[in-house]
Participant: 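Provided herewith is a single structure, encoded as structure tokens, for subsequent inquiry.
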Amino acid sequence: MTERIWFTEPDIAEFSKGHKGTAVEAMGIEITEIGDDYIRGTMPADHRTFQPFGLIHGGANVVLAETLGSIGANLVIDPSREFSVGQEVNANHVRGVREGLVTGTAKLAHKGRSSQVWEIHIVDDQGRLSCISRLTMAVVPHKK
């Protein structure tokens, strides 16, 4: 059995409220599932996320990846003491997607006192890998 990594019980509806009026909402990204040690979300392959050749834009994949990893990073820490912000993100785009939904799954690869590393795999509707991303998050204490 997988050990739960969350500091508190995650509530998809609660943190999805914060996406109103943001790039996440504009691009149609939705958080769909939170497991014991992962966060999953979807993004449409459509006019909102395409580049000029009719494929999902690499930057759109990065927005999905950073969204999932950022949510996860803030769910594994005590929000009364600290918060987590993006420090570095990279992505390898291995398969173009022209239609349907892509699904990203973020998993914690490293949790330190001052940083975290998240790995995000994005697949197409057939489960084929489209993008692998790695996100480094800084853990910042609240000012007293």
Participant: Determine yes or no for a side-chain-to-main-chain donor-acceptor pair under 3.5 angstrom, with Asp36 supplying the side chain and Glu3 the backbone.
Facilitator: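 No: the side chain of Asp36 does not pair with the backbone of Glu3.
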Participant: May I ask you to decide if Phe53's main-chain N or O and Arg98's side chain share a donor-acceptor pair within less than 3.5 Å?
Facilitator: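 Between the backbone of Phe53 and the side chain of Arg98 there is a qualifying donor-acceptor contact (under 3.5 Å).
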Participant: Roughly how far apart are Ile132 CD1 and Asn92 CG, rounded to 0.5 Å?
Facilitator: 6.5 Å
Participant: Looking only at heavy atoms, which two atoms of Val97 and Asp124 are closest? And how far apart?
Facilitator: CG2-CB, 4.0 Å
Participant: Heavy-atom count check: over 12 atoms from other residues, nucleotides or ligands less than 6.0 Å from Glu82 CD?
Facilitator: yes
Participant: Flag yes if Val89 and Val102 sit in one hydrophobic cluster, no otherwise; membership is Ile, Leu, Val, Met, Phe, Trp, Tyr, and two members link when side-chain heavy atoms are under 4.5 Å apart.
Facilitator: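 Cluster IDs for Val89 and Val102 match.
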Participant: If the condition is ring-ring contact (aromatic ring centres under 6.0 Å, His included), which residues does His47 pass it with, not counting sequence neighbours?
Facilitator: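 By the ring-ring contact (aromatic ring centres under 6.0 Å, His included) rule, His47 matches no residue at all.
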Participant: Does any donor atom in the side chain of Thr105 or Arg40 lie under 3.5 Å from an acceptor atom in the other side chain?
Facilitator: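 There is such a pair between these side chains.
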Participant: Between Ile39 and Glu33, is there a side-chain heavy-atom distance shorter than 4.5 Å?
Facilitator: no
Participant: Run Leu101 and Asp125 through side-chain contact (heavy atoms from CB on, under 4.5 Å) and show every step you take.
Facilitator: CA-CA 6 Å; Leu101 284 176; Asp125 282 336; 3.7 Å; yes
Participant: Do Ile122 and Leu64 have side chains that approach each other closer than 4.5 Å (heavy atoms only, starting at C-beta)?
Facilitator: yes
Participant: Say whether Ile120 and Val117 are linked into one hydrophobic cluster, either directly or through other cluster members, by side-chain heavy-atom distances under 4.5 angstrom.
Facilitator: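 Different clusters: Ile120 never reaches Val117 through Ile, Leu, Val, Met, Phe, Trp or Tyr contacts under 4.5 Å.
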Participant: When rounded to the nearest 0.5 angstrom, what distance separates NE2 in His57 from NE2 in His93?
Facilitator: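 Between His57 NE2 and His93 NE2, I get 9.0 Å after rounding to 0.5 Å.
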Participant: Do any N or O atoms from the side chain of Trp118 and from the backbone of Leu68 form a donor-acceptor pair under 3.5 angstrom?
Facilitator: no
Participant: Please round to the nearest 0.5 Å and tell me the distance separating atom NZ of Lys17 and atom CD of Glu25.
Facilitator: 14.5 Å
Participant: If two hydrophobic side chains count as joined below 4.5 Å and joins carry through other members, does Phe50 share a cluster with Val63?
Facilitator: yes
Participant: Quick check against the 3.5 Å criterion: does Thr49 have a side-chain atom that pairs as donor or acceptor with the backbone of Pro44?
Facilitator: yes
Participant: Within the structure provided, determine whether Trp6 and Ile34 are in side-chain contact (heavy-atom separation under 4.5 Å).
Facilitator: yes
Participant: Okay, side chain of Lys111, backbone of Ile77: is any donor-acceptor separation there less than 3.5 Å?
Facilitator: no
Participant: Roughly how far apart are Thr103 OG1 and His121 NE2, rounded to 0.5 Å?
Facilitator: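 The NE2 atom of His121 is 14.0 Å from OG1 of Thr103, to the nearest 0.5 Å.
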Participant: Got Arg128 and Val123 here, is their nearest side-chain heavy-atom distance under 4.5 Å?
Facilitator: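 Contact flag for Arg128/Val123 side chains = no.
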Participant: Does some side-chain heavy atom of Ser115 sit less than 4.5 Å from a side-chain heavy atom of His110?
Facilitator: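 Result yes, sub-4.5 Å side-chain heavy-atom pair found.
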Participant: If we ignore hydrogens and angles and just use 3.5 Å, is the side chain of Asp37 paired with the main-chain N or O of Arg4 as donor and acceptor?
Facilitator: no
Participant: Is there side-chain contact between Ile71 and His19, with heavy atoms separated by less than 4.5 Å?
Facilitator: yes
Participant: What's the verdict on side-chain contact (heavy atoms from CB on, under 4.5 Å) for Gln116 and Ser84, showing C-alpha distance, side-chain angles and the deciding distance?
Facilitator: CA-CA 9 Å; Gln116 300 174 24; Ser84 194; 4.3 Å; yes
Participant: Please examine the side chains of Asn61 and Met43, heavy atoms only from C-beta on, and report whether any two atoms are closer than 4.5 Å.
Facilitator: yes
Participant: Shared ILVMFWY cluster between Ile12 and Met27, side chains joined below 4.5 angstrom?
Facilitator: yes
Participant: Is the distance between the ring centroids of Phe83 and His142 under 6.0 Å?
Facilitator: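 Distance test on ring centres: under 6.0 Å, yes.
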Participant: Side-chain contact test, heavy atoms from C-beta onward, threshold under 4.5 Å: evaluate it for Leu135 versus Val62 and give yes or no.
Facilitator: no
Participant: Give me the atom names and distance for the closest heavy-atom approach of Gly28 to Arg48.
Facilitator: CA-NH1, 3.6 Å
Participant: With a sphere of 6.0 Å drawn around CD of Glu99, does it hold more than 12 non-hydrogen atoms of other residues, nucleotides or ligands?
Facilitator: no
